[in-house]
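Step one of this worksheet: look at the structure below.
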Amino acid sequence: MKKELAKTYNPKDIEEKLYQKWLDNKYFRATVDWSRKPFTIVIPPPNITGQLHMGHALDNTLQDILIRFKRMQGYNALWQPGTDHASIATEVKIIEQLKKEGIEKEDLGREGFLERAWKWKEEYGGRIISQLKKLGSSCDWDRERFTMDEGCNKAVNKVFVDLYKKGYIYKGSKIINWCPVCHTSISDAEVEHEEKEGHFWHIKYPVVGEEGYVEIATTRPETMLGDTAVAVNPEDDRYKHLIGKKVLLPIVNREIPVIADSYVDMEFGTGVVKITPAHDPNDFEVGRRHNLPEINIMNDDATINENGGKFAGMDRYEARKAIVEELKELGLLVKVEKHIHNVGTHDRCKTTIEPLIKPQWFVKMDELIKPAVEAVKSGEIEIIPDRFNKIYFNWTDNIRDWCISRQLWWGHRIPAYYCDSCGEIIVAEEEPSRCHVCGNTNLRQDEDTLDTWFSSALWPFSTLGWPEKTEDLEYFYPTDVLVTGYDIIFFWVIRMVFSGYAHTGKKPFNKVLIHGLVRDSLGRKMSKSLGNGIDPLEVIDKYGADALRFTLITGNAPGNDMRFYWERVEASRNFANKVWNASRFIMMNLEKAELTKTIDENLLTPADRWILSKANKLVKEVTDNLETFEIGIAAQKIYDFIWEEFCDWYIEMVKPRLYNDQDETKTAALWTLQHVLTVSLKLLHPYMPFVTEEIFCTLQEMTGLKEKDSIMISSWPEYNPDWEFEKDAESIELIKEAVKGIRNVRSQMNVPPSRKAKVIVVSDNERVKEIFTESKAFFAALGMASEVLVQDDKSGIGEDAVSTVIRGGTIYIPFEDLVDIDKEIERLEKEKERLEQELKRVNGMLSNPNFISKAPESKVAEERAKLEKYTDMMKQVMDRLESLKK
RNA sequence: GGAGUCAUAGCUCAGCUGGGACGAGCGUUCGCUUGACGUGCGAAAGGCCAUGGGUUCGAGCCCCAUUGACUCCACCA
């Protein structure tokens, strides 16, 4: 019993079933096989807290396309999947959950909390994975990893210890970005700078021991509680005399020095800057240069601490108000100006960052970053599109030490142990049983965990077994391509690159494919707060995964952002439906046919050879495009080929042969249909895995020509240099031209398709006559002709006919009653005008001696051919006009 | 203050290393129960390729400047 396809394509009927089939047959599985070439992609691990959003959908569609393409090409394609523990995001989620139960994090204690966290991970961590499956992602799920699993933890510890031993990891008290809500330090990359409207408060600081004061301008008056100096530029004549003297810090009534530092910009503000080393990164630097005391005036929740005297306990903004109020009362507030400035916020919770001095762990970057810079400079790692090199270098060139410790519980705990009796710090992969200096057995592990990105940086090799010397690592590493959005270059890409070189001695990947963001239809970022996000799962539910995938990779240039439109998804769905129906038609006709794998080429008609060479050319182009990551361009070409060339032209051309059992070329037509369809399906498969699989399998059953149980393991079509049928291509193009001409004329005259008419091709060119004679059958069908006559003169054709000119001939349609001679003349005049334009252009070029001498020969020849063609057509138009005007 | 992206049909965007804009989808107009598909078929309307220079036989594409929109980076109190 042969399978039937439903009338319209319904993705829901097949997607789940096919995905299950792929899983059951282990088609996604990749294992070491030295006889084959590997092709490896590691997934950017989605957060376990995450839900699939459009960004994931795009990112993973791109990866799946590349993987499926390479797999079909015969590579041993591994797509390594996994998830990220996402320290802050997850910890915040769990704290929220606990809050609902009225529990504080501290109530549970570290162990209790972690237990809850793991439970949460077990429950929700797999959600995004199942969503990725709905997209059709062909990851090797047997290899699924987690950034906090045992192997990754081992890798993290080893890296930490190694870097520590080499002096690249150190602990230090430096000013760091502190999030008062999340209660943790964060790295520079996690700080977002937002322009905010603020104020500029001008405050008088009286000079000690003499009359007068200096006026300073500040955006954060509350930090004056921690001021330990006032700075001026050493070149500033206005203030030179004050350098070395002291001023009295108002309210606090502390005497602080006036120092000179070139950091101060004379042009900006008043030229005098208050220095608060403990709460401003710049002031911190100045403070260290001048050995100033660092007075921390804040608690971890950004309330004022005991160093703030009577303001202690107030929130930083309350304190600001109170201090301004008091300054006013003291008569020390000169003025308040509006001021727009950049404020750093935490990218996760949008809280304004508070710079604080805290002991933290850092990775020293200056040496480590060097190979990462060199790799991209030399082209050993290629970033696509290459304009992102600049973003990459912008970050590497300005890199600062990476603050890696986080005051969180969910994450890799720092493998550093303190001996409280002798003060020794022991950094080791395994917890030491005793202090190697004093023998103390009561060691205390560092409370902090590591930045999430510390473990993600190792992802390309930790997932393959590193630090063990596994065969996987040897075979699949370095990976081939990394696919990710431009927003994550500095968070992740750079860190993977330097980590790869530092720990494996190799680059983590050869190429980085960067894509843009998916925005809403108004061009805004999709975000939770705006509520403008579109759920990919909803799209899949309504239109199918294939439609979503196709939509995401077409209609935009690499690296550029794209807007999401439902209309575009609909168009993609329509395309899937088109493929479905074309296949349905073909299979309908194949039912009774006996096909063989290859065909005797002598049986092929010009139309067959035309579409075969078109398909052949498509194979070459699509393959080339995919090799160079021009994924959207390739998709567009496949779309155009299937819809226009194959469906609208070839299938229509072939219909008369299919309906005529006497036609000895019918088998050739069926074979060609089947062959071109199969090639098209294969090319389309990476983009639309589900429809193509369903049709491919059904088609195989129908024809009995079985290649493989699944299209995804079938072989990628290969370009055949022998299948360039130039002559047939020319013939068919000529017929297409004629058909278009006829349709155009008919449409202009409002002739309904039901009214057939005789079509007479007049030409004195033997080749032209031959072309129309051999293709008469389908030319008649496409041109809505009742009968086609091919003759070499106009005998028998009266004035009551309309005509259209092609190269080498004129086509007449005697419509008798419908023909209005004046209108016909008008039409021909227009055609004449058009040709005149063309001739003018071509003649212009060809009469330019510089063009002839400097342009490439092929171009000149091309233009000459056009001249010939248009001249010929012009002559015919003129002839016709003449006879009508008589 | 640096850097980048974008400006092409009513809308959203393609246009590869310079060689006539066959531009695509959607929308619009007209005509179609043409034995796969109305999620379709056929025909059409619609573009000074932001502006001003330059290079070139030839520029939407390369160079310079200008205008406008957006994004990223940056410690100006």
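Naming convention: chains lettered A, B, ... in sequence-line order (proteins, then strands); numbering from 1 in each chain.
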Check every strand shown and say whether A:Arg841 touches a base, only sugar-phosphate, or nothing at a heavy-atom separation below 4.0 Å. base
To the nearest Å, give me how far apart NE2 (A:His193) and P (B:G2) are. 18 Å
Taking the minimum atom-to-atom distance to the side chain of A:Ala571, which one of B:C57, B:G15, B:G25 wins? B:G25
Which residues in residues 272-284 of chain A have a heavy atom closer than 4.0 Å to any atom of RNA chain B? A:Val273, A:Asn282
Span that lies between the C1' atom of B:U55 and that of B:C11, in whole angstrom: 36 Å
Considering every strand and a 4.0 Å limit on heavy-atom distances, what is the contact class for A:Lys390: base, sugar-phosphate, or nothing? sugar-phosphate
For the pair made of CG in A:Asn625 and C1' in B:U17, what is the distance, rounded to whole Å? 14 Å
Across all chains, not counting sequence neighbours, the side chain to side chain donor-acceptor pair (under 3.5 Å) partners of A:Asn389 are none
Spacing of the C1' atoms in B:U66 and B:A7 (rounded, Å): 14 Å
So, the side chain of A:Lys666 versus the backbone of A:Leu658: is there a donor-acceptor pair under 3.5 Å, distance only? yes
Okay, side chain of A:Arg746, backbone of A:Arg755: is any donor-acceptor separation there less than 3.5 Å? yes
With a cut-off of less than 4.0 Å, is there a side-chain N or O of A:His339 near OP1 or OP2 of B:A77? yes
Please give, in whole Å, the distance from B:A14 C1' to A:Asn560 CG? 11 Å
Donor-acceptor pair, side chain of A:Ser847 and main chain of A:Gly844, under 3.5 angstrom: yes
Which value, in whole Å, describes the distance between the C1' atoms of nucleotides B:A14 and B:U8? 10 Å
Considering every strand and a 4.0 Å limit on heavy-atom distances, what is the contact class for A:Ala557: base, sugar-phosphate, or nothing? sugar-phosphate
Figure out the NZ/P separation between A:Lys620 and B:C16, and round it to whole Å. 19 Å
So, A:Glu190 side chain and A:Ser187 main chain: donor-acceptor pair closer than 3.5 Å or not? yes
How close do A:Asp561 and A:Leu517 get, counting heavy atoms only, and between which atoms? OD1-N, 2.8 Å
With rounding to the closest Å, how many angstrom separate the C1' atoms on B:G53 and B:C41? 49 Å
Students often get this wrong, so: under 4.0 angstrom with heavy atoms, is A:Tyr650 touching a base, only sugar-phosphate, or nothing? nothing
Give the rounded distance in Å between these two atoms: NZ of A:Lys740 and P of B:C22. 12 Å
For A:Asn581, give me all partners under side chain to side chain donor-acceptor pair (under 3.5 Å), at least two apart in sequence or on another chain. A:Asn577, A:Arg584
Spacing of the C1' atoms in B:A21 and B:C16 (rounded, Å): 16 Å
For nucleotides B:G31 and B:G18, find the distance between their C1' atoms and express it as a whole number of Å. 41 Å
Please give the distance between the P atoms of B:A9 and B:C30 as a whole number of Å. 24 Å
With a 4.0 Å cut-off on heavy atoms, is A:Pro856 in touch with a base, just the backbone sugar-phosphate, or nothing at all? base
Describe the nucleic acid contact of A:Tyr565 in one word from base, sugar-phosphate, nothing, applying a heavy-atom distance below 4.0 Å. sugar-phosphate
Side-chain donor/acceptor of A:Asn560 to backbone N/O of A:Gly516, under 3.5 Å: no
To the nearest Å, how far apart are A:His202 NE2 and B:A77 P? 12 Å
Using the P atom in both, what is the distance from B:A24 to B:U56, to the nearest Å? 35 Å
In terms of relative ring orientation, are A:Phe564 and A:Trp566 parallel, tilted or perpendicular, with 30° and 60° separating the classes? perpendicular
Closer to the 5' end of RNA chain B via nearest nucleotide, is it A:Asn750 or A:Thr219? A:Asn750
Between A:Asn625 and A:Glu621, do the side chains contain a donor N or O and an acceptor N or O under 3.5 Å apart? no
Spacing between A:Asn398 atom CG and B:C72 atom C1', to the nearest angstrom: 13 Å
Reading RNA chain B 5' to 3', what string of ( ), [ ], | and . shows its pairs, if Watson-Crick and G-U wobble pairs count only when both distances fall under 3.5 Å? (((((((..((((.....[...)))).(((((.......))))).....(((((..]....))))))))))))....
Quick one: what's the B/S/- string for nucleotides 34-42 of chain B, heavy-atom cutoff under 4.0 Å, read 5' to 3'? -BBB-BSSS
Is A:Arg746 near enough to B:G31 that one of its side-chain N or O atoms lies under 4.0 angstrom from OP1 or OP2? no
What contact category does A:Val264 fall into here, base, sugar-phosphate, or nothing, at under 4.0 angstrom with non-hydrogen atoms? base
Angle between ring planes, A:Phe490 versus A:Trp395, binned at 30° and 60°: parallel, tilted or perpendicular? parallel
Describe the nucleic acid contact of A:Asn556 in one word from base, sugar-phosphate, nothing, applying a heavy-atom distance below 4.0 Å. sugar-phosphate
Only counting residues at least two apart or in another chain, list the ones meeting side chain to side chain donor-acceptor pair (under 3.5 Å) with A:Thr554. A:Arg568
If the plane angle is over 60° it's perpendicular, under 30° parallel, otherwise tilted; pick one for A:Trp610 and A:Tyr650. tilted
Could you tell me whether a side-chain N or O of A:Thr345 sits under 3.5 Å from a main-chain N or O of A:Glu192, the two making a donor and an acceptor? yes
What is the distance, to the nearest angstrom, from the CD atom on A:Glu192 to the P atom on B:U71? 12 Å
Scan A:Tyr486 against the nucleic acid and name what it touches under 4.0 Å (heavy atoms): base, sugar-phosphate only, or nothing. nothing
